[in-house]
Amino acid sequence: MKHAIMVTGHGNTYKILQKTINILDSNSIDFFIHWDAKYSQPKITSHHSNIQFITKPEKVFWGTDTQIKAEYHLMNAVAKSHQNYDYVHLISAVDIPMMDKDHFLSFFENQGRGHAYVDYFPVNKWDYSRIAYYYPLSHINLRGSFWGSVYKKIVPIINKLFCINRIKNKEIYKGTNWFSIDSNYLNSILKFKNRKLFMHSYLADELLVQTILYDEIKEFYQPSLRYIDWHRGTPYTFGLNDTIELSKLINTTYLFARKVNDPKLVDKLYKNH
């Protein structure tokens, strides 16, 4: 089988991404990379995998629709590559593989085609406001800034005042935005006609794939197979002190772990594999 791994990254996280590519470097695994336009494109190398950067990347701002635009850049690049990929994966540059390339490839060979590894979480009333309300700004720092906090409070008030509801009676679904899906489902995402529903939104990247694919995969979807710790953080960031914990999970049931803050962690995990 052939795989396309789509990556969103920024800043110096390329050092971790390079470690990921070193582990999964294979003629059967290619990488498509969207590097935040606010940062210089890094030099990433491989011996076997094809590496393609998005040529006109977005300036990505957390929580805004720029995250979704970046994902669509990646998905379109995969679709236009004219490669016969069997599976498509979305990770960030701070995700690391929990399988070496042989286990990774054999896992999907054994599973076969047609699977969708996508997380689904319970949806609450606030989740609907993420896309029901119209958020006019895309290039604004919504996390850790005074004006970002003001913006997040004012926009819902204005939307309620003018009775704005862009989704009305439509059902939405939520989960992490990281996934591994059969390439046929990628086509379903790209063919979705009401893409503007997810534009001018807030944190809608966690609604996009789940909502679009739900009717198609609801009977058989499986968890995303990402090792993410929501108990110690939002999520917890793994470091060198977590080497023993993560080493026990190498080549077991997880595809990737996130988030990681030190590229040396990958070296330690795969020292004996």
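Hydrogens, waters and symmetry mates are skipped; everything else that's a heavy atom, side chains included, is used. In what follows, residues are counted from 1 in the order of the sequence shown.
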Derivation and outcome, side chain to side chain donor-acceptor pair (under 3.5 Å), residues Arg226 and Thr176: CA-CA 10 Å; Arg226 269 62 172 173; Thr176 60; over 6 Å; no
Residues which pass side-chain contact (heavy atoms from CB on, under 4.5 Å) with Tyr236, listed by chain and number, not counting sequence neighbours: Asp229, Arg232, Phe238, Asp242
Set of residues satisfying side-chain contact (heavy atoms from CB on, under 4.5 Å) with respect to Asp36, sequence neighbours excluded: His10, Lys38, Tyr39, Lys59, Val60
Plane angle bin for Phe104 and His89 - parallel if under 30°, tilted between 30 and 60°, otherwise perpendicular: tilted
Between Tyr117 and Gln111: side-chain donor-acceptor atoms closer than 3.5 Å: yes
Audit row: Met6, Phe179, side chain to side chain contact (heavy atoms under 4.5 Å, CB included) steps and yes/no: CA-CA 10 Å; Met6 307 181 297; Phe179 60 78; 3.7 Å; yes
Side-chain (Lys174) to main-chain (Leu207) donor-acceptor, under 3.5 angstrom: no
Spatial distance of atom CG (Asn22) from atom CD (Gln18) [nearest 0.5 Å]: 4.5 Å
Salt bridge (Lys or Arg N to Asp or Glu O under 4.0 Å) against Lys259, all qualifying residues, sequence neighbours excluded: none
Donor-acceptor contact present, side-chain Ser145 to main-chain Gly148, <3.5 Å: yes
Any donor-acceptor pair under 3.5 Å from Asn251 side chain to Asp100 backbone: yes
Spatial distance of atom CG (Leu213) from atom OG (Ser188) [nearest 0.5 Å]: 6.0 Å
Plane angle bin for Tyr120 and Tyr221 - parallel if under 30°, tilted between 30 and 60°, otherwise perpendicular: tilted
Main-chain N/O of Asp30 paired to Asn50 side chain as donor or acceptor, under 3.5 Å: no
With Tyr254 via ring-ring contact (aromatic ring centres under 6.0 Å, His included) - residues at least two apart: Tyr227
Set of side-chain contact (heavy atoms from CB on, under 4.5 Å) partners for Ser183, sequence neighbours left out: Val88, Arg113
Check: Phe31 main-chain N/O paired with Gln52 side-chain donor or acceptor under 3.5 Å: no
Side-chain (Thr211) to main-chain (Leu208) donor-acceptor, under 3.5 angstrom: no
NE2 on His103 to CG on Asn110, rounded to 0.5 Å: 10.5 Å
Main-chain N/O of Ile164 paired to Asn159 side chain as donor or acceptor, under 3.5 Å: no
side-chain hydrogen bond (donor to acceptor under 3.5 Å, both in side chains) contacts in which one or both residues fall within residues 70-83, not counting sequence neighbours: Glu58-His73, Glu71-Asn177
Partners passing ring-ring contact (aromatic ring centres under 6.0 Å, His included) against Phe53 (at least two apart in sequence or in another chain): none
More than 12 heavy atoms of other groups within 6.0 Å of Lys152 NZ: yes
Steps toward side chain to side chain donor-acceptor pair (under 3.5 Å) verdict (Ser201, Asp65): CA-CA 6 Å; Ser201 56; Asp65 59 7; 5.5 Å; no
Working for side chain to side chain contact (heavy atoms under 4.5 Å, CB included), residues Leu225 and Ser180: CA-CA 8 Å; Leu225 303 184; Ser180 295; over 6 Å; no
Sequence-distant partners of Tyr87, ring-ring contact (aromatic ring centres under 6.0 Å, His included), two or more places apart: Phe108
Any donor-acceptor N/O pair, Asp86 side chain to Lys2 backbone, under 3.5 Å: yes
With Thr253 via side-chain contact (heavy atoms from CB on, under 4.5 Å) - residues at least two apart: none
Set of side-chain hydrogen bond (donor to acceptor under 3.5 Å, both in side chains) partners for Asn194, sequence neighbours left out: none
Thr20 side-chain N/O to Asp95 backbone N/O, donor-acceptor pair under 3.5 Å: yes
N/O donor-acceptor pair under 3.5 Å between Ser49 side chain and Ser26 backbone: yes
Pairing residues for Tyr185 by the ring-ring contact (aromatic ring centres under 6.0 Å, His included) criterion, not counting sequence neighbours: none
Residues that, via side-chain heavy atoms closer than 4.5 angstrom, fall in one hydrophobic cluster with Leu137: Trp62, Trp126, Tyr133, Tyr135, Ile140, Leu142, Tyr151, Val155, Tyr202, Leu203
